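Here the structure comes first, spelled out in structure tokens, and everything after it is commentary.
Hydrogens, waters and symmetry mates play no part in the numbers below; they use all other heavy atoms, side chains included. Naming: A, B, ... by sequence-line order, numbering from 1 per chain. Everything quoted here is computed from the prediction, not taken from an experiment.
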Amino acid sequence: MLRMSTLFLRTLRDDPADAEVASHRLLVRAGYIRRIAAGIYSWLPLGYITLRNIERIIREEMDKAGFQEVHFPALLPRDAYEKTNRWSEYGADIFRLQDRKGGDYLLGPTHEEMFTLMVKGEYSSYKDLPLSLYQIQTKYRDEPRPRSGIIRGREFVMKDSYSFDLTDEGLSQSYNKHRDAYIKTFDRLGMRYNIVSAMSGAMGGSRSEEFLAPCPTGEDTYVLCEKCGYAANVEAMKTVVVAVDFSSAPKMKIVDTPDTPTIDSLVNVLNEKFGSGYTGAQTLKNVLLIADGKNISVLVPGDREVDLKRLEANLPGVKEIRLFEDSDFAKNPSLVKGYVGPQDAQKFGLTVYADPRVAPGTSWVTGANKKDRHALNVVNGRDFTVDDYVDAAEVRKGDTCPECSAPVVIDHAIEIGHIFQLGRKFAQALDLTVLDSDGKSRVVTMGSYGIGVSRAVAAIAEQTHDEIGLCWPAEVAPAQVHIVATGKDDNPFNVADSLALTLEKLGVSVMLDDRRDASPGVKFKDAELIGNPIIVVVGKALAEGKVEVRIRRSAERREVLIADAASEIAKLLP
RNA sequence: CGGGGCGUAGCGUAGUGGCUAGCGCGCCUGCUUUGGGAGCAGGAGACCGAGAGUUCGAAUCUCUCCGCCCCGACCA
């Protein structure tokens, strides 16, 4: 039982000046967390209980699914990360340190290597598979910009699991088992979430889905089709390529378009000289970039920007990408800034990527590769050649769903889980093989599954709080019931105490405000701020032998007889 | 890393060259009070982020550094 008279807790009346988002503000005000440095927080009793509640739920669901818990050090030697190249690839995001002998160490940002090596050390037969292991661990990443309190920290708690299988079908099954376990976990955590198609990112791999908790302060943007349920991270959103018949398209024509280096200026001149009706959507934007040292051109409709994140995510193998600068134009005189067109692009040494919206057979107004001149009726497949199609244009609300063609909506969310099929990358690099039934050695295939545990505290707070405080789901809250004793006589305190004991016997966790020196107003405000789901007030109603039961979330109140209170309250809980 | 803002007591803040740095919350003592962040009286708590400089005199002006927040870049 948590007794407020002795609980290590000080709530704050004012919002902390350095907190912006609701979860951060309220977790600090309600005395759950305190900032130590940017992106690094301490957990006070209430916060730590909440965090452990979430861990407990995750553990229970992982164990139920048959996954086994292990634990690695957070402090790791360099060599394991050397073999997979990540000592260098992870770059500045890794916290590095040295021991007294000058040996290199790191604080683990993620533990693929350790899991792979652990399995390699113990298992060597196909009969040992499939296997899934997990850990709940503090991870460290030197984020360029920690933000939003506990949502994006430099130290954070994560549950990560890995599955080990012999075959692709096996991996698929392990993946689905994790997916099911995640659904059960997030349901119990009382979160709203969407499972969206995602890119597996820098880790490589194939199938990938994210669990996104919608909320306005979320950093992730995703599309959702309300008609068919299709959901995808914007990076992973697919656009269907639909070829158009161009046999009746008029011939390409070069026209004078003085001073039209931008889409807006071009549209104005087109409308002045060739009649109205031209819009940016009919023009073709040629965005020149340098991808790992090679010049590429990305074609998107003129009314859309290139989404560099999407482009990068959809150009596998490309590490670094940047826009053309003036010096790059200087090196390539055939490329005229503001008047670039895809005609002859390959002759100029460009690789041409087109967004699927620039479908085969579509006709465009685009640059003529000469200053102050543009070309009309430039048809894809007739007047220029696309080397490859790649999703690169910004995604907008109302874009068509790739599954059912209905308009999609766009929303923000916090990424709380990510599951993906890693494949054989790490097993290959670290030589994790098992002998198959034919006596041949085979590389194991892996899946990777993460849940942001400390982030979930913030995400739940974001989704459930209101103007007056936190508002936890019952399984997550520091206590399921918050009993407030009011008045100056001993009686209410005695009644509250015995009610608390009765509830605990029923398996209900209780926080008891037994402070004799605090006024009722203070106790009510604190109870609401702290956010336990049921608040019981023992005070005035005692005159009729009753206590008041309040539902924090709905603010609903009712009075029940003391004798019935414990069983009535227990009924309200899951 | 680019742009913007900020650093004064545990928290929120006032103080643009001149007395001993002010206020609210919180904290301590006493009395009163107890259903919506109580009242009165007394009290403790600040090397004004750090260093250097200008000045008779610096929280206040200058420079450097450090830290924090926000936007962007970045990000299993």
Using heavy-atom distances to pick each residue's nearest nucleotide on RNA chain B, tell me which of A:V21 and A:I451 is more 5'. A:V21

Assuming nearest nucleotide by heavy-atom distance, tell me which of A:I321 and A:R154 is located more 5' along RNA chain B.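 Result of the comparison: A:R154.
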
Within the 4.0 Å heavy-atom criterion, would you say [X] contacts the bases, only the backbone, or no part of the nucleic acid?
{"X": "A:E210", "result": "nothing"}
{"X": "A:V537", "result": "base"}
{"X": "A:A92", "result": "nothing"}
{"X": "A:R34", "result": "nothing"}
{"X": "A:A541", "result": "base"}
{"X": "A:R550", "result": "base"}
{"X": "A:S448", "result": "nothing"}
{"X": "A:E548", "result": "base"}
{"X": "A:P16", "result": "sugar-phosphate"}

Give a yes-or-no answer on whether the side chains of [X] and [Y] include a donor-acceptor pair shorter than 3.5 Å.
{"X": "A:D514", "Y": "A:S5", "result": "yes"}
{"X": "A:N532", "Y": "A:Q480", "result": "no"}
{"X": "A:Y81", "Y": "A:D79", "result": "no"}
{"X": "A:Y134", "Y": "A:D160", "result": "no"}
{"X": "A:Y175", "Y": "A:E209", "result": "yes"}
{"X": "A:N314", "Y": "A:E235", "result": "no"}
{"X": "A:Y182", "Y": "A:H418", "result": "no"}

For RNA chain B, stems built from three or more consecutive Watson-Crick or G-U wobble pairs below 3.5 Å: B:1-7 with B:66-72, B:10-13 with B:22-25, B:27-32 with B:38-43, B:49-53 with B:61-65

Nucleotide of [options] approaching [X] most closely (side-chain heavy atoms):
{"X": "A:D18", "options": "B:rA76, B:rC68, B:rC74", "value": "B:rC68"}
{"X": "A:T486", "options": "B:rG35, B:rA76, B:rC68", "value": "B:rG35"}
{"X": "A:R145", "options": "B:rA76, B:rC70, B:rC68", "value": "B:rC70"}
{"X": "A:Y41", "options": "B:rG72, B:rU34, B:rC69", "value": "B:rC69"}
{"X": "A:L12", "options": "B:rC68, B:rC11, B:rA76", "value": "B:rC11"}
{"X": "A:F524", "options": "B:rC11, B:rG35, B:rC70", "value": "B:rG35"}
{"X": "A:R35", "options": "B:rG35, B:rC69, B:rC74", "value": "B:rC69"}
{"X": "A:K525", "options": "B:rC68, B:rC74, B:rG36", "value": "B:rG36"}
{"X": "A:Y90", "options": "B:rC68, B:rU34, B:rA76", "value": "B:rA76"}
{"X": "A:T110", "options": "B:rG35, B:rA76, B:rC74", "value": "B:rA76"}

With no hydrogens and no angle check, is any side-chain donor or acceptor of A:R29 less than 3.5 Å from a backbone partner on A:G469?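 The answer is no, because no donor-acceptor pair under 3.5 Å joins these two groups.
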
Does A:S519 make a side-chain N or O approach to OP1 or OP2 of B:rU34 shorter than 4.0 Å? no

Is A:R10 near enough to B:rC11 that one of its side-chain N or O atoms lies under 4.0 angstrom from OP1 or OP2?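 For B:rC11, OP1/OP2 do not have a side-chain N/O of A:R10 under 4.0 Å.
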
Within this structure, what is the [atom1]-to-[atom2] distance between [X] and [N], rounded to whole angstrom?
{"X": "A:E467", "N": "B:rG36", "atom1": "CD", "atom2": "P", "value": "20 Å"}
{"X": "A:R25", "N": "B:rC70", "atom1": "CZ", "atom2": "C1'", "value": "15 Å"}
{"X": "A:D517", "N": "B:rC28", "atom1": "CG", "atom2": "P", "value": "8 Å"}
{"X": "A:D14", "N": "B:rA14", "atom1": "CG", "atom2": "P", "value": "13 Å"}
{"X": "A:L9", "N": "B:rG10", "atom1": "CG", "atom2": "P", "value": "19 Å"}
{"X": "A:D526", "N": "B:rU34", "atom1": "CG", "atom2": "P", "value": "20 Å"}

Between [N] and [M], how far is it from one [atom1] atom to the other, in whole Å?
{"N": "B:rC23", "M": "B:rC47", "atom1": "C1'", "result": "22 Å"}
{"N": "B:rA59", "M": "B:rG7", "atom1": "C1'", "result": "11 Å"}
{"N": "B:rA58", "M": "B:rU62", "atom1": "P", "result": "15 Å"}
{"N": "B:rU33", "M": "B:rC70", "atom1": "P", "result": "47 Å"}
{"N": "B:rC28", "M": "B:rG15", "atom1": "C1'", "result": "28 Å"}
{"N": "B:rG2", "M": "B:rC65", "atom1": "P", "result": "12 Å"}
{"N": "B:rU13", "M": "B:rC69", "atom1": "P", "result": "15 Å"}
{"N": "B:rG12", "M": "B:rG49", "atom1": "P", "result": "14 Å"}

Tell me whether the side-chain N or O atoms of A:R141 pair up with the base of B:rA76 as donor and acceptor below 3.5 Å, since no angle test is needed here. yes

In the structure I gave you, are the side-chain heavy atoms of A:H178 and A:S132 within less than 4.5 Å of one another anywhere? yes

Does A:R550 make a cation-pi contact with A:F524 (under 6.0 Å, within 45 degrees of the axis)? yes

